[in-house]
Every structure is written in C-alpha cells, then in structure tokens.
Amino acid sequence: MRIDVVTIFPSYLQPLREALLGRAIDRGLLEVAVHDLRDWTHDVHQAVDDSPYGGGPGMVMRPQVWGEALDDVLATPDLPARLVVPTPAGRPFTQATAHAWAAEERLVFACGRYEGIDERVLLDARARGITVDEVSIGDYVLVGGEVAVLVMVEAVARLLPGVLGNPRSAAEDSFSDGLLEGPSYTRPEVWRELAVPDVLRGGNHAAIARWRRDRALERTRDRRPDLLDALGPDALDAADRAA
Ligand SMILES: CN1CCN(Cc2ccc(Cn3ccc4ccc(-c5n[nH]c(N)c5C#N)cc43)cc2)CC1
C-alpha cells in the first residue's frame, strides 16, 4: 500500500516511521510519503489560509494551494487512490473502515488546519472521479488533521499482511466479533496479593474460551452497551448471564 499525506506540519507524521510501522516501511510492506502543502504556494509568505466568506471565527484553507498539491500528489504515482479528509464533521472512522481501506492500493490523506479546507477542493476532486471520504476519529475537537491521520494509518497498516508479528492479533481484535476484549494477565501468578484467575491457569481451553467470552460480554455491557444493542437481544441476555 502506498500512503501519501499532505500537511503544513510534515514533522507531525514522523511517528509513522517509528516502531512497528517503521519496520513495515523498511520491509517494503508499506510506502509512506509526506508532502509539505507550502511547497505549492507561490507567494513570499507561503499563505495557505484566508478569511471565511460569510464571516465567522478563524481562517479557511485556500482552494488554490490544495488544488495544485492534490493535482500533483494524486498524479504521482498514478495509482487508483482514495482521498481521505479528516474533519470533525466526518463520518465515523471505525474498525470496519480500517478493514475496507486496508484493501486499497493507495490512500492520500489531506490534513486540514485552521477551521478546515475550502469545500470546493473536495467538490473538485469528486467531480474528477476521485473517491473522497470525510471522516472523524471521534466526538471531540482537535486542532488539525495530522493526529487523526496517525490514528487511521496505524489502524489500517496493522491489518496489512505481514505487518503484525501474529496475524491472530488482528483477527481477534476488539470489535472483530463486535465485543470489547476482556482482561489480560501475564506472570507473576500473584502480584501485590492479586492472583491471576484460576481458570486461566487450569489448561481447560473450552473453559478459558468461555470465561474470556463472558468477560468480554460483561465489559461490553458495562462500557459500550451500544455495541451490545447492535448484536441483538441474545447478546444482552448473554451479557446478563455472564455477570
Ligand atoms: C464556525 N465553525 C467552524 C468549524 N468549527 C469546527 C472545527 C473545524 C476544524 C477544526 C480544526 N481542524 C482543522 C482540520 C481538522 C481535521 C480534523 C479535526 C478533528 N477534530 N476532531 C476530530 N475527531 C477530527 C478528525 N478527524 C479537526 C480539524 C476545529 C473545529 C466549528 C465552528
């Protein structure tokens, strides 16, 4: 997969080259290119924003600069691409989104700042046949799109073949079966007078699987009842029985 990120703060994306993702890039499982939006300005001040039509707080990112940047970035290399634009007004980015995007050849992320990007940039891209996804990583307000891109790139890249050491991890993700994962334990058996649950040390795999499912149901019911509702009434009954 090829990932391009356009931003006025390229250094914000440096974490993509660390640890697991950095190793995936080094191994050629992933290609990441970060572009400075200001490279497409032509004035001495390298202006990327201007006042909003209709008034209102803050500034809006200028369409001309974004248009030239996306013309170039989307054209090289010429791969079918999905343009992703993080925004507080976007559709929710979920694990299902990450799975869908993991099948893409290329993702191009446009990181806005200020109060966002002039709407005509997205209209123009769609008019030219580019798939444009406006997405939000959660119901809180950030200062720009870069942090959201870090989140989304990590969520997508970990699903790519070979990136995770143990492919079962992605298959057994939270949300993969619609539930939150339950508690995890490792050595020592007792720590600060707190013992590992006996069932996990007993070697009865069926009992362990049942215990883990029950803890997942219980945790989901307590923390994310919305996920349980989505699974239907049987799941809620099972969660009540699991407690
Ligand atoms: C008058 N109006 C003008 C607009 N504001 C709304 C607003 C618009 C942008 C910003 C800052 N910002 C700029 C680009 C950008 C990208 C993503 C995100 C983002 N925040 N939270 C998420 N889950 C995000 C994601 N993903 C924030 C961004 C802040 C507040 C209301 C009042």
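When a ligand or atom number is given, it counts from 1 through the structure's own listing order.
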Within 45° cone of W211 ring axis and under 6.0 Å: R215 NZ or CZ: yes

Is there a side-chain contact between [X] and [Y] (heavy atoms, below 4.5 Å)?
{"X": "D214", "Y": "R241", "answer": "no"}
{"X": "L200", "Y": "I208", "answer": "yes"}
{"X": "D240", "Y": "R221", "answer": "yes"}

Which residue and heavy atom of the protein sit nearest [atom], plus the separation:
{"atom": "atom 20 (N) of ligand 1", "value": "L142 N, 2.9 Å"}
{"atom": "atom 28 (C) of ligand 1", "value": "G144 CA, 3.7 Å"}
{"atom": "atom 31 (C) of ligand 1", "value": "E115 OE1, 4.3 Å"}
{"atom": "atom 18 (C) of ligand 1", "value": "P88 CD, 3.5 Å"}
{"atom": "atom 22 (C) of ligand 1", "value": "Y140 O, 3.4 Å"}
{"atom": "atom 16 (C) of ligand 1", "value": "P86 O, 3.2 Å"}

Report the part of [X] (side chain from C-beta onward, or backbone N, CA, C, O) that has a heavy atom under 4.0 Å from ligand 1; answer both or neither where that applies.
{"X": "I137", "answer": "both"}
{"X": "A148", "answer": "side chain"}
{"X": "D139", "answer": "neither"}
{"X": "I117", "answer": "neither"}

When rounded to the nearest 0.5 Å, the distance separating CG of N204 from CG of D198 is 12.5 Å

Could you measure the distance from the CG atom of L16 to the CG atom of L30? Nearest 0.5 Å is fine. 8.5 Å

Check whether any side-chain N or O of R62 sits under 3.5 Å from a backbone N or O of A47 as a donor-acceptor pair, and report yes or no. yes

Restricting to non-hydrogen atoms, name the atom on L74 and the atom on A81 that form the minimum distance, rounded to 0.1 Å. CD2-CB, 3.9 Å

Cut-off 3.5 Å, side chains only: do Q64 and H42 have a donor facing an acceptor? no

Taking only non-hydrogen atoms of G90, do any sit less than 4.0 angstrom from ligand 1? no

Does ligand 1 have any atom sitting under 4.0 Å from a heavy atom of Y114? yes

Taking distance alone, with no angle check, do G138 and ligand 1 share an N/O pair under 3.5 Å? yes

Residue of the set V85, T87, V84 for which side-chain contact (heavy atoms from CB on, under 4.5 Å) holds with V135: V84

Closest to atom 25 (C) of ligand 1 by heavy-atom distance, out of T87, V141, V143, is T87

Can you name the atoms of ligand 1, numbered from 1 with element, that are less than 4.0 Å from a heavy atom of V135? 26 (N)

